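Read the structure below first, then the notes.
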Amino acid sequence: MTELVLYNTRTRTKERFEPIEPGHARVYSCGPTVYAPQHLGNLRAYLMADLLRRALEAEGLRVTHVVNITDVGHLVSDADTGEDKLEKAAAASGRSASEIADEYTEQWRRDLRRVNCLEATVYCKATEHIAEQIALARTLEAKGYTYRIDDGIYFDTSKFPRYAEFAHLDLGGQEAGARIGDVPGKRHGADFALWKFAPPGVKRQQEWDSPWGRGFPGWHLECSAMSTKYLGAPFDVHTGGVDHVAVHHTNEIAQSECALDIHPWVRFWLHNEFYDFGGEKMSKSKGNLLVLEDLVDRGFDPLAFRFFFLQGHYRQQQSFTLEAMEAAATGHRRLLSAALEVRGAPGEAAPDEIAVHRERFCQAVRDDLNAPRALAVAFEVARSADLGRAARRALLLEFDRFLGLDLATALPRVAASGGDPRIDALVAEREAARKRRDFADADRIRDLLAGEGIAIEDTPAGPRWRRG
RNA sequence: GGCGGCGUAGCCAAGUGGUAAGGCAUGGGACUGCAAAUCCCUGACCCCCGGUUCGAAUCCGGGCGCCGCCUCCA
């Protein structure tokens, strides 16, 4: 048994994690729909998955991590009506759907790298798995779970008795108006499209032939088809945002369990809560989204955002404000300084000296990925006067395998000299002025450099400078 | 209307029965020619009212407030 305990949406309890296949954890994460920039809120889902990944590896498990990229079929409305998000974005920009998908996929991948998310084992695109999706739909059809209407092939949710179970749905009690825009002919409000026909007279950029006619796959199908392809079934963990519980994941489960005759199809379901951006909700459709690049433009280190993420538990809503972001950036910078300070510390740490702290850190990680608690331990270690430098070095480097804050690799922000001859000369000149107690001249040079964004730090060992 | 979550110091937040982690900010101090950086010290009647209990931020009931999903979104 591992020591890792995770909150499982399926059972609504914390459960001890044990992989189905000994020594190997198989994880699927719902990835982005690449029709628009991925904003800070989106990033939280992947940061959470990254934490899971690191925690599993810390338990000594090999992890196969599959992340999908939705580049077709996700409609503006989840009620199977409205336009395809990619097609809509393409029409609005005059570019092709694939160009748009490529652009935002690249932006997303770059942002993941910048916040130190580990590379997934497989990134898979919906458009590259059309055959698998059709095969899955055909299986469902052969088993009698589908019906055909003018609009497409639909999954009949009434044929799956456990449909409401996962999300604790009260299908009868849901607001009548919620599904008003429904497709004519759907038998039940919750029924969903497996395959959508291309609208008559409309030439879509993305459409394929199928046994039922030309069209495109329903959004939910890709996750069932691709996870099965790359992970087999059943598998261990499926992650995503809380918004997916009621519709997307519920439908994935219905498709997969019916097609594969498996229950439960996935052992653990992890869902991250949303960030609260205060007041007007940040969303793609409102056009007020904040992306990682915006933070970089404001002078933030991308990893300061990871630090912000770590300060809250993934299952709680967290308030994002620029003030909180500044606080996180300062905290991150100081933790880096502390790590840098002890990085070259010689000698070995005494095992019993570090055992208690290691244990506290691991307990936090193992308790449903409690990053804020783990981070607190890291700070206590970093600032502990009782611990030797070698012990602090060893612990912080070990902790960073989970935190991912670059404690081991961040470059020194402070250079004693050698970085820039002109600046070194000016610093030396100021030091000379100070020696002769010509503080007016010394301050003039300091102000000059400050104007270039260079700060001088006077230390017992002499002056040094840094940028920023 | 249905489902779910939250309300802990100025801010971001851990903590789910035994008298409140951590980060940021504030104030004080050390250091400095003065600063900066760093370090030390500094702060909570845990939304309100009842109840259970020897004991509750933590459990139960009732309020008030905020948020999310079902309806673009992680």
Side-chain angles (χ1 to χ4, degrees), chain A residues 9 12 29-33 35-36 38-49 74-79 81-82 85 88 164 167-181 189-190 239-247 250 271-276 278 281-286 289 307-308 310-321 323-335 337-338 341 360 364 367 370-380 383 385 413-414 434 437-439 442-443 446-447 450 455-460 463-466:
Chain A
T9 303
R12 311 279 164 131
S29 295
C30 269
T33 300
Y35 69 107
Q38 291 292 298
H39 59 67
L40 296 178
N42 295 307
L43 246 32
R44 191 177 195 191
Y46 314 113
L47 252 1
M48 180 265 276
H74 194 166
L75 304 187
V76 170
S77 161
D78 280 347
T81 61
K85 291 178 175 179
K88 186 181 178 185
H168 296 192
L169 299 177
D170 175 4
L171 295 174
Q174 286 185 345
E175 186 179 4
R179 292 288 187 178
I180 269 217
T239 74
V242 281
D243 58 320
H244 285 330
V245 176
V247 178
T250 287
H271 292 97
N272 62 285
E273 254 299 347
F274 277 25
Y275 283 133
D276 176 3
K281 188 164 68 163
M282 184 168 79
S283 70
K284 292 164 185 169
S285 56
K286 289 196 175 110
L289 46 74
F307 184 99
F308 172 82
L310 293 171
Q311 280 190 304
H313 186 94
Y314 77 87
R315 226 146 41 72
Q316 293 304 139
Q317 291 179 13
Q318 187 179 354
S319 296
F320 179 93
T321 60
E323 184 188 4
M325 189 59 222
E326 291 281 4
T330 304
H332 175 236
R333 184 159 19 88
R334 290 185 183 161
L335 189 60
S337 296
E341 194 62 33
R360 283 206 303 142
D367 183 10
N370 196 321
R373 229 166 75 203
L375 192 57
V377 174
F379 264 98
E380 286 168 10
R383 292 176 173 170
R413 292 163 39 258
V414 177
R434 291 181 70 214
R437 305 196 68 77
D438 181 354
F439 298 121
D443 291 348
R446 185 169 67 192
D447 292 343
I456 295 179
E457 295 180 0
D458 293 323
T459 76
R464 54 189 189 183
W465 58 272
R466 64 181 174 86

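Every chain is numbered from 1, with letters handed out A, B, ... down the list of sequences. All values derive from a computational prediction rather than experimental measurement.
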Out of [options], which nucleotide sits closest to the side chain of [X]?
| X | options | value |
| --- | --- | --- |
| A/A442 | B/rG33, B/rG22, B/rC69 | B/rG33 |
| A/Q317 | B/rG23, B/rC69, B/rG4 | B/rG4 |
| A/N42 | B/rC24, B/rA14, B/rA74 | B/rA74 |
| A/H39 | B/rA74, B/rC24, B/rG33 | B/rA74 |
| A/T321 | B/rC11, B/rA74, B/rG22 | B/rC11 |
| A/H168 | B/rC69, B/rG4, B/rG23 | B/rG4 |
| A/E457 | B/rG23, B/rA14, B/rA36 | B/rA36 |

[atom1] gap between [N] and [M], integer Å:
| N | M | atom1 | result |
| --- | --- | --- | --- |
| B/rC40 | B/rG5 | P | 40 Å |
| B/rC70 | B/rG62 | C1' | 28 Å |
| B/rG28 | B/rC47 | P | 31 Å |
| B/rA57 | B/rC46 | P | 7 Å |
| B/rG1 | B/rU58 | C1' | 32 Å |
| B/rA74 | B/rG61 | P | 35 Å |
| B/rC49 | B/rC64 | P | 15 Å |
| B/rG17 | B/rC12 | P | 26 Å |

* To do: Measure across A/A246 and A/L169 and return the closest heavy-atom pair with its distance rounded to 0.1 Å.
  =>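 Closest heavy-atom pair between A/A246 and A/L169: O-CD1, 4.0 Å.
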* Asked: Is there a donor and acceptor pair, one atom on the side chain of A/D458 and one on the base of B/rA37, closer than 3.5 Å?
  ->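 Answer no: no donor N or O sits under 3.5 Å from an acceptor.
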* Quick one: does A/D443 reach the base of B/rG33 with a side-chain donor-acceptor pair under 3.5 Å? ->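 Present.
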Do side-chain atoms of [X] reach the backbone of [Y] as a donor and acceptor pair under 3.5 angstrom?
| X | Y | answer |
| --- | --- | --- |
| A/T239 | A/M48 | no |
| A/H313 | A/Q316 | no |
| A/D367 | A/N370 | no |

Spacing of [X] atom [atom1] relative to [N] atom [atom2], expressed in whole Å:
| X | N | atom1 | atom2 | value |
| --- | --- | --- | --- | --- |
| A/F320 | B/rG68 | CZ | C1' | 19 Å |
| A/D243 | B/rC67 | CG | P | 18 Å |
| A/E273 | B/rA74 | CD | P | 14 Å |
| A/N272 | B/rC69 | CG | P | 12 Å |
| A/H313 | B/rG5 | NE2 | C1' | 13 Å |
| A/E323 | B/rG23 | CD | P | 17 Å |

Is there a side-chain polar atom (N or O) of [X] under 4.0 Å from OP1 or OP2 of [N]?
| X | N | result |
| --- | --- | --- |
| A/R434 | B/rU32 | no |
| A/N370 | B/rA21 | no |
| A/R334 | B/rU38 | yes |

* Identify whether the distance between the nearest side-chain nitrogen and carboxylate oxygen of A/R44 and A/E273 falls below 4.0 Å. =>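 No, this pair does not count.
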* State whether A/R434 and A/D458 are salt-bridged, where the test is any N-O pair (Lys NZ or Arg NE/NH1/NH2 against Asp/Glu carboxylate O) under 4.0 Å. =>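 The answer is yes: the pair qualifies as a salt bridge.
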Whom does [N] pair with, Watson-Crick or G-U wobble, provided both distances fall under 3.5 Å?
| N | result |
| --- | --- |
| B/rA37 | none |
| B/rC3 | B/rG68 |
| B/rC59 | B/rG51 |
| B/rA74 | none |
| B/rC46 | none |
| B/rG17 | none |

* Asked: Are the ring of A/F274 and the base ring of B/rA74 both nearer than 5.5 Å at their centres and tilted by less than 30°?
  ->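 Yes.
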* To do: State whether the aromatic ring of A/F439 stacks on the base of B/rG33, taking stacking to mean ring centres under 5.5 Å apart and ring planes under 30° to each other.
  =>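 Yes, the aromatic ring of A/F439 stacks with the base.
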* Asked: Can the ring centres of A/F308 and A/Y275 be said to be less than 6.0 Å apart?
  ->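 Yes - the distance between ring centres of A/F308 and A/Y275 falls below the 6.0 Å cut-off.
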* Between CG on residue A/N272 and CG on residue A/L47, distance to nearest 0.5 Å ->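 Separation between the atoms: 9.5 Å.
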Contact class for [X] vs. all strands (heavy atom < 4.0 Å): base, sugar-phosphate, or nothing?
| X | answer |
| --- | --- |
| A/A376 | base |
| A/R446 | base |
| A/Q316 | sugar-phosphate |
| A/Y275 | base |
| A/Q318 | sugar-phosphate |
| A/H332 | nothing |
| A/L43 | nothing |

* For A/E380, does the CD atom have more than 12 heavy-atom neighbours from other residues, nucleotides or ligands under 6.0 Å away? ->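 Count over threshold, so yes.
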